[in-house]
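Have a look at the structure below, then the notes.
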Amino acid sequence: MLTKDILKKALNGERISNEECLQLLNYNDILELGETANEIRSIKNPENYVTFVVDTNPNYTNVCEIDCTFCAFYRHRNEPDAYTYSVDEMIQKFKDAARRGVTTVLLQGGVNPELPFEYYLELVERTRKEVPEIHPHFFSTSEIIGMSEVSGLSVRDVLIRLKEAGLNTIPGGGAEILSDRVKRKISKKKGTSADWLNVMREAHLLGYKTTATMMFGHIETDEDIIFHLDSIRKLQDETGGFTAFIPWSFKPENTPLEKHIKSFASPYRYLQMIAISRIYLDNFPHIQASWFSEGKKIGQVALHFGADDFGGTLEEENVHAAANFVNKSSTEEVIDLIHGAGFDAAQRDTLYNIIKVFRKGVEVKETV
Amino acid sequence: MINFRDKNLIPIWEKVQRGNELTFEDGIALFNSHDVISIGKMAHWLQREKNGDAVYFVVNQKIEPTNICVLSCKFCDFAVKKNSPDAYEMTIESILEKLNPELLEVHITGGLHPDWEWDYYVGMVKEIKNHFPRIDVKAFTAVEIDFFSKKFKKSIEEVLLELKEAGLRTLPGGGAEVFSERVRRLLFNQKIGAKRWLEIHKKAHQLGLRSNATLLYGHIETIEERVNHLLLLRDLQKETNGFLSFIPLAFQPGETGIKPRNQFTSAIDDLKTIAISRLILNNFDHIKAYWVMLTEELAAVALNFGADDMDGTVGGERIAHDAGAVSPMQLAKNKLIKIINDANKIPVERDIFYKPVKLHSKNVIGRVSYLNTLPFFKYLDNREYKIFPAPPRQLGFLFKDGNIDAGIVSLVDYFDKENDFTFLPYGIVGNKNVKSVILYSKFPIEDLNKKNIAVTDETSTSFRLLQVLLEMKYGFDVVYIREKISAREKILPNFDAFLTIGDDALKFIKNKPEDFVYSYDLAQLWFDWKKLPFVFAVWAVKKDLPQNKIEVLNKLLDDSLNKFFSTKNNIEEFYTAKLNLNKKEIEDYLNNITYRLGEEEIKSINLFREYYSKLKSKELMVEKF
């Protein structure tokens, strides 16, 4: 089929096949892809706003035994800069964040085998009780599998206990590329693609909402990407539990994977991926532009290529970059970036309910 | 095909396709539109019409001889006063130390120094040319030229001529800021305004210097002021055709105090400004995405939004750097090449005048950039290849250096590479006459012995055909001089005849050159002599391409030609406006050309090969110019 006919088909609301997706991955006219993706986005989410969440992204520990080659963050437990925060310390952080207007905490760690399951339950419970302004968006699939191993409970039972403690969304990280060939090479101790999908499936069946991510631009092939997209589209058909898809390109600095990669993803590849995600994932309500990984300018451009969400304000990360943002809070800056891209900015919660819309042309400082 | 979300853009698109100029109102509608993709698609279409898939860059270096400046412009945090601890001054020796023989361009701008003598500036240009003859000097913005004129009590013309004599080739486009008295009064009231800037560039163009133009956007200017700025540049370009490229510059707030330090322009504003510049400045060949200010990532995206030039390796980019541009000081050439290739374009290393030096890409098809190759390309939809358009001679140089896998190339260039290339049964053939290879003369052809003939610098084969005719048929001895010949410029009166080819020759059809009352169609002269058609160009393909690739290309070309000649009304008005011919005349012109090579054509190719080798053996190949 001609590429333009595939695009027409998608625009008419028909699902495109994996073969057709492969053709789109090899199609380099990004404006054609972007035009179709943007049109589909506007049919799906016709409001002229782009959503964002005021969140923070701390880590309760950097101790991790999985040794993924793409990660520059983890430490082994006896390394000098290894750390693990107590529940008290984390609650204090959340309280500080809540005072700054944060509504969502995306919390992940390493996978630290010395932490008992009770630690995680307490974190969720006390967050709900002591910091009710904060929505806990905690624990990647790897951590949930780790909890299952520490506690001897099944993944399903772990998820039930966490739900009882107050958790009802989990982040979609740790998917990387759902290809066991690639996973064996870049994260061989992290579990298989099926593990990630199973945790997500169990979670969705228990009523959790989650996101899905994809990390590309390393050693994956087009076929791996299609397998990934196909897996999450099928699971979404089954459960409807995904809120958003977040593709991001691998950032090589300081990781062991760096030296194995011939060519990193260009901004073209990223925009192509955003557009194709929108076109292929016809059952996902939201596609998120990852300004934090791709840069603010490319993040803005992605909003015209099918993305309708700008992700989080990432207050915690910005503390370190504070020197660069002396004039503004992160929230103000994110709103400015969305306005600069030509959209109204809508603050949402973790479940994509709109909290407040910031119209273009209205002075942001007065409204934040 | 564009699926417009903003229907207000549809009439603008029609104008763009017809080659019409956009109005002030069109510019405003574009800047007010939220339909970024459609604006990008229009600009990308025009970009490809003009430059195919080529994206240019130059190996260059920026030199700022001093940061001491008598002016205090609000948006500049580069300039300092003489007594400042940060002040610096470079001697000519220290400038030379910063240069190296790999460079093809040096870009010199700096503060307006209160004490330096005129000799220093002239000497700087002279010494650079003395030490590095390959480096073209682009130096001194209109602001500096104006300053020299006042400080050294010379007219603008004197200043420019003395610098030109020293070796100056072009003026950079800086100092234009935004053509608005309102903004000038608020931000740079000591600096020259629009009128003076335009006057200086006009004078430069008249003296044979080329220049660039810029727009500084993203500070306090309005979109009306931006559009007006573009229209003024377009008007001057219509008059002089002296601008090489246009560079929109995103304002870098830095410590200027005009905007918060890190409030950069939005990516969408950057892309729209580039795209709209491409659309409004339809008489500019090149639009630059200046990566130092845009970020590498966004500059890469801009290559699909109308920009066809990445500037260069730059180096020493102090002005933008001091104000906080995030790009590294020197982006290596390899990095530029990778960015351009990632954007699915052809990285074209160029000189200061956009002459291509080397193509850094695989899968390149060469295209003679004339209307008569349209039937091959209009329906050639193959994304495996990237298209590089150039006039025959320039294409020939690249072809002979092995930069091109396949393409429609001039016949004699093919002859020179027959060991490595073969040809598909397609070409550009004048059957009795061709209408676009014309010798205009003040005398009948029989009287051209010992005369001076100007030859367009675009020709490869037509020039050899002229030599064969004049020297072997008539036995003349003629002096040929390569010249830039264009229907819009006056032909130098000291020639007795001139040879024009391609689209320029078509432009002369309705605009006959005065004094040159005789005209000869070279295909006709060949036919009269040999009773054969003349093959000007052939579809060459590398012999070592896989056989299946060659077959696919063969089939693609066959399909393209069939589709072109069976489709009615497929001459966009774009070409009628460009060439000053009506649709019927263009159709007649194309229908008169033979695109498929048969027996007669092959016979003619073989015959001309013999003559061509005789030219070679008589050492006539050494051009006497």
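Each chain gets a letter, A, B and so on, in the order its sequence line appears, and its residues count up from 1.
Side-chain contact between A:I298 and B:T295 is absent, with no heavy-atom pair separated by less than 4.5 Å. Counting heavy atoms from C-beta on, the side chains of B:H34 and A:N48 come closer than 4.5 Å. Two residues are said to be in side-chain contact when any heavy atoms from C-beta on lie closer than 4.5 Å; B:T265 and A:K297 meet this criterion. For the pair A:L31 and B:H44, the minimum side-chain heavy-atom distance is below 4.5 Å.
The minimum heavy-atom distance between B:I37 and A:G34, with the atom names listed, is CD1-C, 3.8 Å. In this structure, B:A267 and A:V301 approach most closely via the heavy-atom pair CB-CG2, 3.8 Å.
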*Hey, mind stepping through B:I268 and A:H304 against side chain to side chain contact (heavy atoms under 4.5 Å, CB included) and telling me if it holds?*
CA-CA 9 Å; B:I268 300 305; A:H304 290 266; 3.3 Å; yes

*What do the steps show when you test B:M1 against A:E32 for side chain to side chain contact (heavy atoms under 4.5 Å, CB included), and what is the final call?*
CA-CA 9 Å; B:M1 249 285 287; A:E32 291 289 338; 5.8 Å; no

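Between the side chain of A:Y268 and the backbone N or O of B:A300, at least one donor-acceptor pair lies under 3.5 Å. Judged by distance alone, with hydrogens and angles left aside, the side-chain atoms of B:E297 form no donor-acceptor pair with the main-chain N or O of A:P267 at under 3.5 Å.
If you take OG on A:S266 and CD1 on B:I340, they are separated by 13.0 Å, rounding to the nearest 0.5 Å. Expressed to the nearest 0.5 Å, how far OG of B:S266 lies from CD1 of A:I338 amounts to 12.0 Å. A distance of 7.5 Å separates OG1 of A:T36 from CG of B:N3, quoted to the nearest 0.5 Å. Rounding to the nearest 0.5 Å places CG of B:N344 at 9.5 Å from CD1 of A:I30.
Residue A:L11 touches chain B through its side chain alone, counting heavy-atom pairs closer than 4.5 Å. For a residue to count as touching a neighbouring chain, one of its non-hydrogen atoms must lie under 4.5 Å from one of that chain's; by this rule B:L271 touches chain A with the side chain only. Within the 4.5 angstrom heavy-atom criterion, only side-chain atoms of A:L271, from C-beta onward, approach chain B. Neither the backbone nor the side chain of B:D35 comes within less than 4.5 Å of any heavy atom of chain A. Both the backbone and the side chain of B:N304 have a heavy atom closer than 4.5 Å to some heavy atom of chain A.
For B:K7, the NZ atom counts as densely surrounded, since its 6.0 Å shell holds more than 12 non-hydrogen atoms of other residues, nucleotides or ligands.
With chain B as the partner, the residue from A:E39, A:E35, A:K4 showing the most heavy-atom pairs under 4.5 Å is A:E35.
Within residues 21-28 of chain A, the residues having any heavy atom closer than 4.5 Å to a heavy atom of chain B are A:Y27, A:N28, listed by residue number.
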